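Keep in mind that what you see is a predicted model, and the values were worked out from it rather than measured. Below, all heavy atoms of this structure are taken into account, side chains as well, without hydrogens, waters or symmetry copies.
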Amino acid sequence: IPNIKAAAYDLVCNGLELGGGSIRIHDVGIQQHVFSALNIPPEEQKEKFGFLLDALSFGAPPHGGLAFGMDRLIMILSGAESIRDVIAFPKTTSASDIMAGAPSALPASILEELKVKNTIIEKEP
């Protein structure tokens with residue numbers, strides 16, 4: 001996919017990104033094409049991202065935005081070396097994303113490819 005272009009922008013101060021944004025994908029066909037380019041089959045697209053595909057199928061208007069990273073600005077102002085030093089809370093208290101169902105279990109094939117072992121003992125229902 002050599003000709004992909006994006007309407008994206010960043011705000012940078014002294015080489016550090018303070019914020020950024022873009023015009024988001026607002027066409028269900030383009031989003032499905034991106035998922036296919038990432039080798040995500042249609043059934044997995046629906047399973048993992050059905051909420052997004054359903055919303056886009058209703059005809060979302062072109063939309064975008066610019067988000068300033070207050071945490072990044074605070075990192076610069078406080079002299080911290082890492083953004084992790086100034087982030088107060090994760091996305092949720094359990095560090096999960098309810099809409100995307102993340103984190104979730106990975107297929108065994110991916111764990112094998114990455115030479116990673118799942119050490120969580122799953123409870124029986």
Side-chain angles (χ1 to χ4, degrees):
I1 312 172
N3 297 322
I4 293 178
K5 295 182 181 180
Y9 30 88
D10 292 318
L11 175 65
V12 178
C13 177
N14 295 333
L16 295 172
E17 180 185 345
L18 296 179
S22 67
I23 300 300
R24 312 301 194 257
I25 293 174
H26 49 275
D27 178 273
V28 69
I30 292 173
Q31 185 64 68
Q32 289 172 318
H33 185 74
V34 170
F35 287 148
S36 295
L38 295 170
N39 295 319
I40 301 173
E43 57 277 357
E44 188 176 348
Q45 292 176 26
K46 186 66 178 167
E47 178 185 326
K48 292 184 176 179
F49 305 101
F51 67 92
L52 174 62
L53 297 173
D54 289 345
L56 293 176
S57 71
F58 289 107
H63 58 285
L66 175 68
F68 294 103
M70 288 303 293
D71 44 8
R72 295 169 192 217
L73 182 59
I74 291 169
M75 180 188 82
I76 293 168
L77 295 174
S78 69
E81 291 188 23
S82 169
I83 197 166
R84 293 186 184 121
D85 296 336
V86 298
I87 295 176
F89 302 100
K91 212 170 196 182
T92 66
T93 56
S94 64
S96 64
D97 183 329
I98 296 167
M99 292 299 290
S104 61
L106 290 173
S109 60
I110 292 177
L111 295 174
E112 290 171 17
E113 177 184 341
L114 298 173
K115 309 290 188 247
V116 174
K117 181 179 178 184
N118 184 353
T119 59
I120 296 175
I121 300 171
E122 298 203 15
K123 297 177 184 177
E124 293 189 30

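Listed by first and then second residue, the ring-ring contact (aromatic ring centres under 6.0 Å, His included) pairs that reach into residues 41-82 are F35-F49, sequence neighbours excluded.
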Only distances under 3.5 Å count here; give the side-chain donor-acceptor pairs of residues 5-22 to other protein atoms, sequence neighbours excluded, each with its distance to 0.1 Å.
residue : atom : partner : partner atom : Å
Y9      : OH   : G65     : O            : 3.3
S22     : OG   : R24     : NH1          : 3.4

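Residues L38 and L114 do not share a hydrophobic cluster, clusters being chains of Ile/Leu/Val/Met/Phe/Trp/Tyr side chains in contact below 4.5 Å.
The structure places CG of L77 at 8.5 Å from CE of M70, a figure rounded to the nearest 0.5 Å. How far NZ of K48 is from CD of E43: 11.0 Å, rounded to the nearest 0.5 Å. Residue S57 holds its OG atom at 12.5 Å from CD of Q31, rounded to the nearest 0.5 Å. Residue H33 holds its NE2 atom at 11.5 Å from CG of D27, rounded to the nearest 0.5 Å.
Between V28 and L53, the closest heavy-atom pair is CG2-O, 3.6 Å. Between L106 and I110, the shortest heavy-atom distance links the atoms CD1-CG2, 4.3 Å. Between I40 and Q45, the shortest heavy-atom distance links the atoms O-NE2, 2.8 Å.
Atom CD of E113 is surrounded by 12 or fewer heavy atoms from other residues, nucleotides or ligands within 6.0 Å.
Inter-residue side-chain proximity for D85 and M75 is flagged as unmet; no heavy-atom pair is nearer than 4.5 Å.
Here D71 pairs with nothing under the side chain to side chain donor-acceptor pair (under 3.5 Å) rule; sequence neighbours left out.
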